[in-house]
Amino acid sequence: MPITSDCHLHSSHSGDSDTPMEEMILQGISQGLTTMCFTEHNDFGFPESPDTPKDIFLLNTDSYLYDLAKLKEKYAGKMRLLFGVELGLQPEVLRENAVYAKSYEFDFVIGSSHVCHGRDPYYPGFYEGRSEQEAYREYFESILENLKKFSNFDVYGHLDYVVRYGPGRDSHYSYPDYQDVFDEILKLLLDKGKGLELNTGGIDSGMKDVHPCTDVLKRYRELGGEIITVGSDAHDPRHIGGSFDRAAAVLKECGFKYYTIFEKRSPEFKKL
């Protein structure tokens, strides 16, 4: 397996998972992974809904870190465990995110967009009354807003996350339709010295490509991008390391020779 590090994982410390961290680690060991970075959710200002009670995505970071420290000691020599967070970015919570990101000595911070102008793209209401393309474009433009206002993260996660939940998912979606906004996003990431995540989490839900799509990854590489982490976005053991062989093939196709791991917020490059 060319990729042995899963850098996007959730356990019961995230509001949308009930899997104990140790169970995730044991599965990673059995699959031959050498590094696992937990990136539990912290989303300030996440909108309430019947499925998402108030504050469900506010992370008890002290409890998370305590459990991770114990397991790091227990599995020393068997698994390299890293302390990460997936930080939900919105302009409205800029101050909260800035304070939080400086409050802990994270190994790795993923910046992600789970909310677009106060609405959750997971729900059909985000797409109603307009074309799928209009909804997708609004989401991508909101990423630009986030990037212009916040920089304390290492990579941007699942850049085209919205297509995971759109009416047609990625069946009618392609990079050229949004090239203008994608190119601006990628150039801004590069200007800020930030990387990109290849996320395989949508494949099991029926997507035909990785996040972001292969053409976006190619364009990132063409522009000089080299920092690329790989994550399954697993919330339970079944999806750990999911489609990593395919991820490696995509990265090689796009011209990457290395993938990236972060420890103490510094990139470490691993040969594919």
Side-chain angles (χ1 to χ4, degrees), residues 5-9 35 37-44 82-91 93-116 139-162 175 178-201 210-231 233 247 250-251 254-270:
S5 304
D6 195 334
C7 293
H8 191 146
L9 295 164
T35 302
C37 184
F38 286 88
T39 52
E40 308 292 4
H41 286 296
N42 193 82
D43 271 80
F44 293 110
L82 299 173
F83 175 42
V85 68
E86 184 178 10
L87 198 57
L89 304 187
Q90 297 184 70
V93 295
L94 184 65
R95 180 176 293 275
E96 293 97 321
N97 276 338
V99 171
Y100 177 79
K102 292 179 180 178
S103 298
Y104 294 90
E105 294 183 357
F106 291 109
D107 287 308
F108 181 46
V109 178
I110 300 175
S112 291
S113 293
H114 298 118
V115 178
C116 175
Y139 176 86
F140 299 141
E141 289 175 348
S142 77
I143 290 176
L144 265 179
E145 295 172 25
N146 291 329
L147 283 173
K148 289 174 180 177
K149 295 182 178 181
F150 190 79
S151 299
N152 196 355
F153 62 92
D154 301 307
V155 304
Y156 216 97
H158 45 51
L159 192 67
D160 53 11
Y161 167 84
V162 66
Y175 160 72
Y178 312 94
Q179 182 172 354
D180 57 334
V181 65
F182 272 136
D183 280 6
E184 195 172 349
I185 288 169
L186 296 176
K187 289 173 183 177
L188 190 50
L189 284 172
L190 291 168
D191 287 346
K192 288 173 174 278
K194 306 303 178 183
L196 199 58
E197 177 196 42
L198 187 160
N199 183 301
T200 61
V210 297
H211 288 302
C213 67
T214 301
D215 284 344
V216 172
L217 293 169
K218 282 181 180 177
R219 181 60 174 154
Y220 172 65
R221 184 69 196 98
E222 286 172 2
L223 291 169
E226 293 184 324
I227 298 173
I228 187 99
T229 62
V230 182
D233 210 346
V250 167
L251 289 178
C254 294
F256 291 94
K257 295 181 179 179
Y258 302 89
Y259 69 100
T260 315
I261 301 168
F262 278 82
E263 184 168 12
K264 296 181 180 179
R265 307 295 300 274
S266 294
E268 175 184 317
F269 294 92
K270 298 286 188 179

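Note that these values count all heavy atoms, side chains included, but never hydrogens, waters or copies made by symmetry. This structure is a prediction, so every number in the text was calculated from the model and none was measured.
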How long is the span from the CG atom in Leu190 to the CD atom in Glu226, to the nearest 0.5 Å?
9.5 Å
State, with a plain yes or no, whether a side-chain heavy atom of Tyr175 is found less than 4.5 Å away from one of Thr214.
no
Student check: side-chain heavy atoms of Phe153 and Leu147 closer than 4.5 Å:
yes
For Glu86 and His41, indicate whether the former's side chain and the latter's backbone hold a donor-acceptor pair under 3.5 Å.
no
Name the orientation class of the two ring planes belonging to Phe269 and Tyr258 (parallel below 30°, tilted from 30 to 60°, perpendicular beyond 60°).
perpendicular
Should Glu184 and Lys187 count as an ion pair when the cut-off is N to O under 4.0 Å?
no
Interatomic distance, Asn146 atom CG to Gln90 atom CD [nearest 0.5 angstrom]:
7.5 Å
Spatial distance of atom CG (Leu144) from atom CD1 (Ile185) [nearest 0.5 Å]:
4.5 Å
Please check if the distance between the ring centroids of Tyr100 and Phe106 is under 6.0 Å.
yes
pair Val109-Phe262: side-chain heavy atoms closer than 4.5 Å:
no
Quick check for you: to the nearest 0.5 Å, what is the distance between His8 atom NE2 and Ile110 atom CD1?
4.5 Å
Contact check, side chains of Val210 and Leu217, non-hydrogen atoms, under 4.5 Å
yes
Would Lys194 and Tyr156 count as a cation-pi pair here, with the cationic atom under 6.0 angstrom from the ring centre and within 45° of the axis?
no
Is the ring pair Phe182/Tyr178 parallel, tilted or perpendicular, if the boundaries are 30 and 60 degrees?
perpendicular
Tell me whether the rings of Phe83 and Tyr104 are parallel (<30°), tilted (30 to 60°) or perpendicular (>60°).
perpendicular
Could you check whether atom NZ of Lys264 has more than 12 heavy atoms from other residues, nucleotides or ligands sitting under 6.0 Å from it?
no
Can you find a pair of side-chain heavy atoms, one from Cys37 and one from Leu9, that are under 4.5 Å apart?
no
Taking C-beta and beyond as the side chain, do Phe108 and Thr229 meet within less than 4.5 Å on heavy atoms?
yes
Under 3.5 Å, side chain of Asn97 to main-chain N/O of Gly88, donor-acceptor pair present?
yes
State, with a plain yes or no, whether a side-chain heavy atom of Asn42 is found less than 4.5 Å away from one of Glu96.
no
